[in-house]
Engineer: 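First the structure, then my questions, so here it is.
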Number of protein chains: 2
Amino acid sequence: MKRTDVHHPIFDEVADLARTLGHAHRLVLLRHIADGELAVEQLTQLSGIALANTSQHLQHLKRAGLVQTRRDGKRVLYRLADGPIENVFAALRSLANHRREQIREFINDSISQPDRLENISREELVRRMRNDEVVLLDVRPQNEFATGHLPGAINIPADELEQRLAELPREKVVVAYCRGVQCVLSADALAILRARGWASRRFEGGLPEWAAAGLGVEGTNYESG
Amino acid sequence: MKRTDVHHPIFDEVADLARTLGHAHRLVLLRHIADGELAVEQLTQLSGIALANTSQHLQHLKRAGLVQTRRDGKRVLYRLADGPIENVFAALRSLANHRREQIREFINDSISQPDRLENISREELVRRMRNDEVVLLDVRPQNEFATGHLPGAINIPADELEQRLAELPREKVVVAYCRGVQCVLSADALAILRARGWASRRFEGGLPEWAAAGLGVEGTNYESG
DNA sequence: CAATCAATCAATCAATATGTTGAATGATTG
DNA sequence: CAATCATTCAACATATTGATTGATTGATTG
C-alpha cells in the first residue's frame with residue numbers, strides 16, 4: 001500500500017557513507033589523514049596496514065568523497081576532503097562512548113573515560129609545570145618535535161614508547177600530548193603508561209592549543225609552520 | 001613491536017556502529033522509529049520491507065544499541081535508545097548533502113535556473129491539489145501568511161524550516177511558495193527540503209500568480225493588501 | 001633507456017551480510 | 001487447551017566485502 005521512502009536515494013547515499021566509515025582500518029586512515037596530507041606509504045607505516053590493503057581502503061574513501069588526492073613526484077598524497085567529515089566522526093565516537101559508558105558502568109576503563117581523570121586542562125598544566133610536578137611527554141615523530149614543542153618536553157614517539165619507558169621518571173606525573181584533539185597518539189601513549197602503572201595524564205589540546213594560547217614553544221621554526 | 005592505533009578498540013566500536021547505519025533499510029527503520037514507538041508489523045507497512053527481514057534488521061539495530069524494545073501484549077514495540085543517535089544521523093545526512101551539492105553544482109543552479117523538475121505550474125498544482133497529492137507550504141513570515149494564503153497551506157517561515165521539518169508529511173509532495181517570482185524564499189526552502197530527501201516542488205508564481213488567476217485565497221484581508 | 005620507487009590493479013580466497021522461506025516461539029483469545 | 005496473531009529463529013542461496021599475492025602502471029633517477 002504505502003510504498004514509502006525506502007526508495008528515496010538519500011537513504012542509499014547516507015548508507016553508503018556510513019558503510020565507508022564501517023571499517024576500523026578506514027577510520028584509522030582517516031584519522032591520520034586528518035592530521036595532514038600523507039602519502040600512501042607513510043600511512044601504511046602509521047597504521048600498520050599492508051600496502052595494497054591501505055591503497056584499497058584509501059580508494060574506497062576517495063570514491064566516497066571523504067578524501068582527495070594529488071600527485072607529488074612518484075608519491076600520491078591523500079588529504080581530507082571538504083565538508084563536515086569531522087562532525088560525523090565526532091558524532092559516531094560520542095555515540096560509541098555513550099553506549100560504552102552505559103555498558104561498563106562498573107568497570108573503570110581508563111581509555112574510555114575521557115574525563116577529569118584522564119585529561120588535564122591547559123590551566124592545570126601550566127600551574128603544575130610551574131611547581132615542577134609534571135614531565136611533558138611529546139609522542140609525535142622526531143621531525144615534528146624538532147620543529148616545535150612544549151618547553152622542556154621529552155620526545156618519545158608513540159610507537160617507541162613501550163621500549164623507552166625507562167627514560168621517564170616515576171616520581172612525577174607524565175603528561176602526554178601530540179598534535180591536538182583529533183590526534184590519538186597521546187591517547188595511545190596514555191594507555192601504555194597507565195598499563196605500566198605510571199601516573200599520567202593527557203593534554204588533549206596538544207601543541208596547537210598551547211601555541212594558540214600564546215605560550216612559549218621551543219624548536220627550530222615553529223612560527224613558519 | 002609497533003603498537004599503533006589500529007588496535008585501539010574505539011575504532012572497532014565506531015566502525016561497528018557505522019556499519020549498522022550502513023544499510024538503507026536500517027536507516028529507514030530508524031527514521032520511522034525516531035517518530036515514536038512502533039511495532040514490527042507497523043514498520044513493515046511503513047517501510048515496505050518484508051516481515052522477517054524487518055525483524056532481522058531491527059535486531060541488528062538492537063544489538064548495536066541504537067534501539068530498545070518492550071513487549072505490549074503480543075506485539076514488540078521498538079523505540080529509539082538513549083544517546084546522541086540523532087546527531088550521528090544529522091551529521092551523516094549533512095555530509096551526504098554536502099557531497100551531493102558539490103555534484104549538483106554542474107547540473108543546475110537551483111535559484112537562477114528555473115527547472116521543470118523543480119517548478120510546478122499553476123495548472124499542475126491545481127490538478128494535484130484536487131487529487132490531494134500535495135501539501136502546500138507557505139514559507140513567508142507569519143504576518144504575511146495571516147493576511148492571505150493559498151487554501152490549506154501550512155505556514156513555516158523559511159528560516160524556521162530546518163527546525164520544523166517534522167511537521168511536513170513524507171507521503172505527499174511538498175509544494176513551497178512565497179511572494180512570487182522575484183522572491184527566493186521558496187527556492188531556499190526547496191534546497192532544504194530536497195537536501196533532506198523530501199519530494200518537493202516550487203510554485204514560483206506564489207501568492208500573486210494564484211490570486212491573479214482568480215483562485216481562492218484564505219486569510220483575514222487579502223484584498224486590502 | 002634501464003633501474004628504481006610509489007602506488008594501483010587484477011585475481012583469488014575467506015569471511016560477512018542479506019533476503020527468502022518455512023518452522024518455532026510467546027502471548028492472547030475464545 | 002486449541003486457535004490465532006505477532007514476532008523470531010534457522011537454514012539456505014546469493015551477494016558483497018576484505019586480505020593477500022603478484023603483476024602493472026607512472027614518475028623519477030642515473
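Residue numbers start from 1 in every chain, and the chains themselves are labelled A, B, ... in the order their sequence lines are given, proteins ahead of strands. This structure is a prediction, so every number in the text was calculated from the model and none was measured.
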Engineer: Within the structure, does a side-chain N or O atom of A:H57 lie under 4.0 Å from either OP1 or OP2 of D:dA19?
Structural biologist: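 Checking D:dA19 against A:H57, a side-chain N or O does come within under 4.0 Å of OP1 or OP2.
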Engineer: When the distance from CG of B:D12 to P of D:dG18 is rounded to whole Å, what number comes out?
Structural biologist: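 Interatomic distance, CG of B:D12 to P of D:dG18: 13 Å.
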Engineer: Tell me: CZ of B:R75 to C1' of D:dT8, nearest whole Å?
Structural biologist: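 Rounding to the nearest Å, CZ of B:R75 and C1' of D:dT8 are 17 Å apart.
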Engineer: Are the side chain of A:D138 and the backbone of A:A153 linked by a donor-acceptor contact shorter than 3.5 Å?
Structural biologist: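 Such a contact is absent between A:D138 side chain and A:A153 backbone.
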Engineer: Looking only at heavy atoms, what is the nearest atom pair of A:L17 and B:A96, with distance?
Structural biologist: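 What the structure gives for the nearest pair is CD2-N, 3.6 Å.
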Engineer: Over 60° means perpendicular and under 30° means parallel, so tell me whether B:H57 and B:H23 are parallel, tilted or perpendicular.
Structural biologist: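 Tilted.
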Engineer: B:T20 side chain to B:D16 main-chain N or O, any donor-acceptor pair under 3.5 Å?
Structural biologist: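 Pair found, side chain donor or acceptor close to backbone of B:D16.
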Engineer: Can you see which heavy atom on A:A18 is nearest to which on B:L92, and at what distance?
Structural biologist: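 Heavy-atom minimum between the residues: CB-CD1, 4.1 Å.
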Engineer: Please tell me which of B:R71 and A:Y78 maps to the more 5' nucleotide of DNA chain C, matching each residue to the nucleotide holding its nearest heavy atom.
Structural biologist: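 By nearest-heavy-atom nucleotide position, the 5'-most residue is A:Y78.
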Engineer: Testing A:D188, A:I192, A:L185, A:L190 one by one against A:V139 for a side chain to side chain contact (heavy atoms under 4.5 Å, CB included), which residue passes?
Structural biologist: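 Running side chain to side chain contact (heavy atoms under 4.5 Å, CB included) over A:D188, A:I192, A:L185, A:L190 with A:V139 returns exactly one hit, A:L185.
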Engineer: Does a side-chain N-to-carboxylate-O contact under 4.0 Å join A:R122 and A:E209?
Structural biologist: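 A salt bridge links A:R122 with A:E209.
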Engineer: Sort by first number and list every stem of DNA chain D: at least 3 consecutive Watson-Crick or G-U wobble pairs, both distances under 3.5 Å.
Structural biologist: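 Result, WC/G-U stems under 3.5 Å: C:1-30 with D:1-30.
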Engineer: N/O contacts under 3.5 Å, protein versus nucleotides 9-11 of chain D?
Structural biologist:
residue	atom	partner	partner atom	Å
D:dC9	OP2	B:Q59	OE1	2.3

Engineer: Any side-chain heavy atom of B:Y78 within less than 4.5 Å of one from B:Q59?
Structural biologist: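 The answer is yes, as the side chains (C-beta and beyond) meet within the 4.5 Å cut-off.
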Engineer: Could you tell me if the side chain of A:L207 sits less than 4.5 Å from the side chain of A:R179, heavy atoms only?
Structural biologist: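 No, too far: nothing below the 4.5 Å cut-off.
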Engineer: Can you give me the first and the last nucleotide of DNA chain C (5' to 3') that has an atom within less than 4.0 angstrom of a non-hydrogen atom in chain B?
Structural biologist: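 Nucleotide range in contact with chain B: C:dA17 to C:dT28.
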Engineer: Between A:A50 and A:R19, which has a closest nucleotide on DNA chain D that is more 5'?
Structural biologist: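 This one resolves to A:R19.
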Engineer: Nearest-Å distance, CG (A:N53) to C1' (D:dT21)?
Structural biologist: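 Taking CG of A:N53 and C1' of D:dT21, I get 12 Å after rounding.
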Engineer: Expressed as a whole number of angstroms, how long is the span from A:R63:CZ to D:dT16:P?
Structural biologist: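 Spelled out: CZ on A:R63 to P on D:dT16 is 14 Å.
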Engineer: Just the rounded figure in Å: distance from C1' of D:dT7 to CG of B:L77.
Structural biologist: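 Between C1' of D:dT7 and CG of B:L77: 12 Å.
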Engineer: Under 4.0 Å, counting only non-hydrogen atoms across every strand here, what does B:L51 touch: a base, just sugar-phosphate, or nothing?
Structural biologist: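 Contact class for B:L51: base.
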Engineer: Is the positively charged end of B:R202 above the ring of B:Y177, judged by distance under 6.0 angstrom from the centroid and angle within 45° of the axis?
Structural biologist: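 No, B:R202 does not lie over the aromatic ring of B:Y177.
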Engineer: Minimum heavy-atom separation for A:V67 and A:L58, please, with both atom names.
Structural biologist: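 Scanning both residues, the minimum pair turns out to be CG2-O, 4.0 Å.
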Engineer: Rounded to whole Å, please give me the gap between CD in B:Q45 and C1' in D:dC5.
Structural biologist: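 In whole Å, D:dC5 C1' and B:Q45 CD are 14 Å from each other.
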Engineer: How long is the line joining NZ of B:K74 and C1' of D:dC5, in whole Å?
Structural biologist: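 Distance check: B:K74 NZ to D:dC5 C1' gives 4 Å.
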Engineer: Which sits closer to the 5' end of DNA chain D, A:D72 or B:V40, going by the nucleotide each is nearest to?
Structural biologist: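 Of the two residues, B:V40 wins.
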Engineer: Are side-chain heavy atoms of A:L30 and A:L80 found at a separation under 4.5 Å?
Structural biologist: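 Side-chain contact under 4.5 Å: yes.
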Engineer: Write down the distance between NE2 (B:H23) and C1' (D:dT17), rounded to a whole number of angstrom.
Structural biologist: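 Checked: the NE2 to C1' distance equals 13 Å.
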